[in-house]
Amino acid sequence: LYGGQFSSEQEIHVNSPFWILSIPSEEMARGLMKRTVCAKSVFELWGHGRSAGELYASLKNYPMDKMLPYLQSDSTYKVHIHTFNKTLTQAQKIKKIDALEFLPFKGKVNLKNPEHIFWILEDYGMDPNNVPEDPFHLYFGRWIADGQRELIESYSVKKRHFIGNTSMDACLSFIMANHGRVKPNDVVYDPFVGTGGLLISSAHFGAYVCGTDIDYNTIHGLGKASRKNQKWRGPDENIRANLRQYGLEKYYLDALVSDSSRPIWRKGMLFDAVITDPPYGIREATRRTGSQKETVKSAERRWVKNHIFVSSSYHLSDIFFDLLKFAAEYLVMGGRLVYWLPIYRPEYTEEIIPRHPCLKLISNCEQMLSSHTSRRLITMEKVKEFKDQDQNSHLLDGQYMPYRGHNSFREKYFSGVTKRIAKEEKDNQK
């Protein structure tokens, strides 16, 4: 999105909130922080070490020509201290700041509105019951920009006008929009739109959004409410009202009642991103139009006036392969498909990730749901134009058969819940 790549200068430490990156420019760093909801802040690292002595030695080795522009006599500055997993007294903080007197600060201290802000960051580990006397690692750097963590609160589902049983968490919605590389004037589509949570995050980044859902009541904001102490949905509870709540209504194209297994769109590359959370059969049923017993031929049924379609179950394997086929056909070249894939962890292998010859797997990230289940955020990019021979390519793929086992994800999910409840009851009887 910002015309470059960044790389890690260290392995990702699961037990540390700090991560050293190599970013080509400060402009790119600021651009990244305008998008991310995962990172709190980014700093230009001047020095780090496993002890105060190592930190000071590292700072003394930092090139002076990189320091001087921010230490001039006509500038103002202040120094912050942030400790992870430990609270310091004010006296301890001042002592640590005074220890940096060897740095050639020439400007004036301004605590309210400084030109430059410097941070001492100390990592005391992840165990709140075993906090060490000294930090495991120390960092010193110049603050560049903050991330967008406040979006998680301002777009919180708790404050949203229209919600459903499966409304996506605000943080995850923004992560999905970033995985989809959503940018201004893109057209983003959600084939399982529900209450439109994923449309909101894309619209926030300036994309025009639309979606479909098989549930008439959800699309039109009718029926029983999902909110506690509210029996029925109000007169203005709908997707458009959600976007209006955040000042994003101008980006809303429409939401239609439609069956995702039967695409309604004209042929062609229409969407810059397809971002969705398909139903898993846990809180929402997996449905498509058509009965289990197709007694009436589709050609005959087409001419029946006022025909009301009934729904039948929609296997998870079919949902995901229909989704991949749709993305391969309707995404622009370089467009991205971002979706959640439910997984029964004891049976998980990389081979069960659905594939399509027109789509390249970009990332595969896990979110734990329970000890035995999780869901994976799958990001794929269109790298090849869709041809007629790609219509049913997945049926020829050997990996299609192993993935059919996940049609029973619902049963496996609840079997784990049942076992846990039985174990808790047994423990309580002891």
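Only heavy atoms go into these numbers, but all of them, side chains included; no hydrogens, no water, no symmetry mates.
- Of the N and O atoms on the side chains of Ser154 and Tyr246, not one donor lies less than 3.5 Å from an acceptor on the other residue.
- The backbone N or O of Pro191 sits less than 3.5 Å from a side-chain atom of Thr212, completing a donor-acceptor pair.
- For residues 335-345, the pairs satisfying salt bridge (charged side-chain N to carboxylate O under 4.0 Å, His left out) are Arg336-Glu381, Arg345-Glu366, with sequence neighbours left out.
- Residues Met176 and Leu198 share a closest heavy-atom pair of SD-CD2, 3.6 Å.
- Taking the six-membered ring wherever Trp is involved, the centroid distance between the rings of Tyr124 and Phe84 does not fall below 6.0 Å.
- Between Val209 and Leu248, the closest side-chain pair of non-hydrogen atoms is not below 4.5 Å.
- Side chains of Lys267 and Phe386 form no contact here, defined as non-hydrogen atoms less than 4.5 Å apart.
- Side-chain contact between Ile200 and Tyr251 is absent, with no heavy-atom pair separated by less than 4.5 Å.
- Not a single donor-acceptor pair under 3.5 Å links the side chain of Tyr330 to the backbone N or O of Val274.
- Panel note: side chain Asn85, backbone Gly125; a donor-acceptor pair is recorded below 3.5 Å.
- Not one N or O on the side chain of Glu122 forms a donor-acceptor pair closer than 3.5 Å with the backbone of Pro135.
- Note that the CG atom of Leu361 and the OG1 atom of Thr379 stand 8.0 Å from one another [nearest 0.5 Å].
- In this structure, the ring of Tyr139 has its center less than 6.0 angstrom from the ring center of Phe18.
- Side-chain contact between Glu153 and Lys159: present, with at least one pair of heavy atoms (C-beta onward) separated by less than 4.5 Å.
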- Can you list the steps and then say if Glu351 with Thr349 is a side-chain hydrogen bond (donor to acceptor under 3.5 Å, both in side chains)? CA-CA 5 Å; Glu351 286 69 34; Thr349 62; 3.3 Å; yes
- Message: The test is side chain to side chain contact (heavy atoms under 4.5 Å, CB included); show your working for His179 and Cys365 and say whether it passes.
- Response: CA-CA 11 Å; His179 275 241; Cys365 310; 4.0 Å; yes
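- When all heavy atoms are compared, the tightest approach of Ser173 to Gly197 is OG-O, 3.8 Å.
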- Walk me through it: do Val182 and Arg35 pass the test side chain to side chain contact (heavy atoms under 4.5 Å, CB included)? CA-CA 10 Å; Val182 175; Arg35 295 285 303 226; 4.3 Å; yes
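- A cation-pi arrangement is present between Arg142 and Tyr70, with the terminal nitrogen or guanidinium carbon under 6.0 Å from the aromatic centre and inside a 45° cone about the axis.
- A cation-pi geometry, defined here as NZ or CZ lying under 6.0 Å from the six-membered ring centre and within 45° of its normal, does not hold between Arg233 and Phe162.
- Rounded to the nearest 0.5 angstrom, Ser261 OG and Asp318 CG are separated by 9.0 Å.
- Between Val187 and Leu270, every side-chain heavy-atom pair lies at or beyond the 4.5 Å cut-off.
- Side-chain N/O atoms of Thr218 and Asp213 include no donor and acceptor closer than 3.5 Å.
- Separating the CG atom in Leu256 from the CD1 atom in Ile264 is a distance of 5.0 Å, to the nearest 0.5 Å.
- Proximity of Leu377 to Gln367: side-chain heavy atoms (C-beta onward) are nowhere separated by under 4.5 Å.
- Judged by distance alone, the side chain of Arg30 and the main-chain N or O of Ile144 form a donor-acceptor pair under 3.5 Å.
- Contact record, Ile152 with Val37: CD1-O, 3.9 Å, taken as the closest heavy-atom pair.
- Taking the six-membered ring wherever Trp is involved, the centroid distance between the rings of Tyr339 and Phe192 does not fall below 6.0 Å.
- Using the six-membered ring where Trp is involved, Phe118 and His116 have ring planes that are tilted, between 30° and 60° apart.
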- Taking it one step at a time, do Tyr252 and Asn242 satisfy side chain to side chain contact (heavy atoms under 4.5 Å, CB included)? CA-CA 10 Å; Tyr252 180 60; Asn242 272 352; over 6 Å; no
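- With rounding to the nearest 0.5 Å, the separation of CD1 in Ile163 from CG in Asn165 is 8.5 Å.
- Using a 4.5 Å heavy-atom cutoff, the side chains of Leu151 and His204 are in contact.
- Nearest approach of Arg375 to Asp277, heavy atoms of both residues: NH1-OD2, 3.8 Å.
- With sequence neighbours excluded, no residue satisfies salt bridge (charged side-chain N to carboxylate O under 4.0 Å, His left out) with Arg149.
- Minimum heavy-atom separation, Ser202 to Ala177: OG-CB, 4.2 Å.
- Relative orientation of the Phe271 and Tyr189 rings is parallel, given thresholds of 30° and 60° on the angle between their planes.
- Separating the NE2 atom in His80 from the CH2 atom in Trp143 is a distance of 10.0 Å, to the nearest 0.5 Å.
- Looking only at distances, no side-chain donor or acceptor of Lys382 sits under 3.5 Å from a matching main-chain atom of Met333.
- Closest approach of Leu337 and Leu331 over heavy atoms only: N-CD1, 3.9 Å.
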- Could you go step by step and tell me if Ile352 and Ile343 meet the side chain to side chain contact (heavy atoms under 4.5 Å, CB included) rule? CA-CA 9 Å; Ile352 65 172; Ile343 293 295; 3.8 Å; yes
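- Two residues are said to be in side-chain contact when any heavy atoms from C-beta on lie closer than 4.5 Å; Thr373 and Pro342 fail this criterion.
- For the pair Asn238 (side chain) and His220 (backbone), a donor-acceptor distance under 3.5 Å is absent.
- Atom-to-atom distance recorded for His82:NE2 and Lys40:NZ is 5.0 Å, nearest 0.5 angstrom.
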